[in-house]
Amino acid sequence: MRKSLLLSTILASIGAFLLVGGALLLIDPGAPKHEAIKTGGLAGGAIVALYALWLNDRRRKVEEARQELESQRIEHDRSRVADERFARAVELLGHETAQVRVGAMHALAGLAKSRAEYTQTVLDILCAYLRQPYRKTKNDPEEIELEVRLTSQRLIEDLLPRLEEKNPPIYDLNLTKAHLEFMDLSYRQVGDLYMRVAHFEDSNSFHHMKIHGHFYVTEATMNGRFHMHHTEIAGKAWFSRFTARGIALFTETKFGGETKFTGSTWADVKADGCAFAVKADLPEAWRN
């Protein structure tokens, strides 16, 4: 096809040369012949130039298509490798050796940082690990397991957007029935934060947070300190049947939705400056 088009272009160029040059000589026989030849040459050359432009444009489109196919192939290979890494890391989370489980968690976190589409899934997996049954006792021979769980908590924190970020991706956390110790999500943003029937040991920090969705801590128990001051909760905040045996700090926290405290017990609460967008039936400890 290209040879046929090239031949047609050459013939058209010669035709244009003869036609324009001959027409000028017929119109003005006295005109210098070299001027007619020059003008005819320009006409023929213009056709050749148009063909060259078309050919270059066609080559450019072919090259762009080739590059697009190559980019798709590279992205496909990256996705395949990422999927293999993900599957292998998830498998290693069940390994009997704690160091291997820690390595698997770091591998998942690294994957989430390099490929954002994995972030929510990785967070779900790390939360699921914390939801596994765990009971801390004195002189626990499985103390190493606590270190693995603390690693999971730190990686969850690291994957969440910081408070000062504008319009970040928002991720949900489901820590229902989780055993949490020294959990620190301060200065972070989340969507929904579910910690139903969770057990909080020692000190846990959820202060200076932006919770874009709902916050549920129903039927949970807390020993130690619960830091939730200077936090903003956009959705519902339910503390129904929450048992707080230590001090709970809610100073300057803003509750943007319905708030429930039915059946909750509080040993000590600091709630100065709290703001409720929807009127709440506050427990006695909150009103003092």
Side-chain angles (χ1 to χ4, degrees), residues 86-112 118-137 140-161 170-186 188-206 209 211-228 231 233 235-246 248 264:
F86 175 80
R88 180 57 176 162
V90 171
E91 180 182 349
L92 291 176
L93 281 177
H95 198 277
E96 61 181 11
T97 305
Q99 291 87 338
V100 175
R101 297 198 298 275
V102 169
M105 289 178 179
H106 280 284
L108 287 171
L111 180 61
Y118 280 93
T119 304
Q120 182 62 67
T121 301
V122 169
L123 285 168
D124 291 342
I125 292 171
L126 294 174
C127 288
Y129 190 91
L130 294 174
R131 293 201 305 270
Q132 294 182 27
Y134 175 75
R135 186 177 181 85
K136 182 182 178 182
T137 59
D140 191 347
E142 299 298 328
E143 185 71 20
I144 187 68
E145 173 60 19
L146 177 59
E147 293 302 320
V148 179
R149 300 175 72 85
L150 292 176
T151 297
S152 180
Q153 291 180 180
R154 287 192 294 268
L155 292 175
I156 289 172
E157 174 194 357
D158 194 40
L159 289 175
L160 295 176
I170 301 301
Y171 305 109
D172 301 326
L173 297 182
N174 185 356
L175 291 162
T176 299
K177 296 185 178 181
H179 179 102
L180 303 174
E181 186 167 351
F182 301 113
M183 185 74 170
D184 186 0
L185 300 183
S186 56
R188 290 293 189 269
Q189 299 185 59
V190 299
D192 292 326
L193 179 54
Y194 296 151
M195 296 190 290
R196 295 187 178 101
V197 204
H199 179 77
F200 301 94
E201 193 69 33
D202 291 311
S203 178
N204 292 272
S205 297
F206 306 99
M209 288 186 67
I211 301 174
H212 294 265
H214 305 306
F215 176 76
Y216 288 91
V217 70
T218 52
E219 299 187 57
T221 57
M222 181 270 287
N223 298 318
R225 301 175 69 87
F226 192 80
H227 299 269
M228 202 167 180
T231 285
I233 305 171
K236 297 177 181 177
W238 285 13
F239 297 87
S240 303
R241 299 176 298 283
F242 178 66
T243 301
R245 300 190 180 101
S264 62

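This chain uses plain numbering: 1 for the first residue, then up along the sequence. Computed from a predicted structure; not experimentally measured. Note: hydrogens, waters and symmetry copies are ignored here, and every other heavy atom, side chains too, is used.
Inter-residue side-chain proximity for D184 and Q153 is flagged as unmet; no heavy-atom pair is nearer than 4.5 Å. Residues M183 and I156 are in side-chain contact: their nearest non-hydrogen atoms beyond the backbone lie under 4.5 Å apart. Side-chain contact between L160 and M209 is absent, with no heavy-atom pair separated by less than 4.5 Å. Side chains of V217 and F200 form a contact here, defined as non-hydrogen atoms less than 4.5 Å apart. Looking at heavy atoms from C-beta onward, M228 lies in side-chain contact with I211 at the 4.5 angstrom threshold.
Donor-acceptor pairing under 3.5 Å is recorded for the side chains of H212 and Q189. Under the 3.5 Å distance criterion, with hydrogens and angles disregarded, no donor-acceptor pair is assigned to the side chains of S152 and R149.
Remark: E91 engages R88 in a salt bridge, criterion side-chain N to carboxylate O under 4.0 Å.
W238 CH2 to Y216 OH: the interatomic distance, rounded to the nearest 0.5 Å, is 4.5 Å. A distance of 10.5 Å separates CD of E219 from OG1 of T176, quoted to the nearest 0.5 Å. In this structure, CD in E201 is found 5.0 Å from CG in N223, a value given to the nearest 0.5 Å. Distance check, rounded to the nearest 0.5 Å: CZ of R225 to OG of S203 gives 6.5 Å. Distance CZ/R154 to CE/M105: 10.5 Å, rounded to 0.5 Å. Taking CG of L173 as the start and CG of L126 as the end, the distance is 9.5 Å to the nearest 0.5 Å.
Annotation: F226 is in aromatic contact with F242 [ring centroid separation under 6.0 Å].
The backbone N or O of E96 sits less than 3.5 Å from a side-chain atom of R101, completing a donor-acceptor pair. Looking only at distances, no side-chain donor or acceptor of D202 sits under 3.5 Å from a matching main-chain atom of G224. Formation of a donor-acceptor pair under 3.5 Å by the T119 side chain with backbone atoms of L159 is not found in this model. A side-chain donor-acceptor contact under 3.5 Å links R131 to the backbone of N174. In this structure, the side chain of H179 does not engage the main chain of H199 through any donor-acceptor pair within 3.5 Å. R196 places no side-chain N or O within 3.5 Å of a backbone atom of T218 that could act as its donor or acceptor partner. With hydrogens and angles disregarded, no donor-acceptor distance shorter than 3.5 Å links the side chain of D192 to the backbone of D172.
When all heavy atoms of V122 and A109 are compared, the pair lying nearest together is CG1-N, 4.2 Å. Taking each heavy atom of F239 and S264 in turn, the nearest pair found is O-CB, 3.3 Å. Nearest heavy-atom pair across E181 and L150 is O-CD2, 3.2 Å. Across every non-hydrogen atom of A89 and A107, the tightest pair is CB-CB, 4.2 Å. Looking at every heavy atom in both residues, T97 comes nearest to H95 through N-ND1, 3.0 Å.
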- [ ] For the pair F215 and M195, evaluate side-chain contact (heavy atoms from CB on, under 4.5 Å) and give the outcome as yes or no after the intermediate values.
- [x] CA-CA 8 Å; F215 176 76; M195 296 190 290; 3.3 Å; yes
Open item on the list: Let's go through F86 and T121 carefully: what are the C-alpha distance in whole Å and the side-chain angles of both, what is the deciding distance for side-chain contact (heavy atoms from CB on, under 4.5 Å) to 0.1 Å, and is it a yes or a no?
Closed with: CA-CA 10 Å; F86 175 80; T121 301; 3.6 Å; yes
Open item on the list: Under the criterion side-chain contact (heavy atoms from CB on, under 4.5 Å), I'd like the reasoning laid out for Y129 against V148: C-alpha separation, chi angles, the key distance, then a yes or no.
Closed with: CA-CA 10 Å; Y129 190 91; V148 179; 3.4 Å; yes
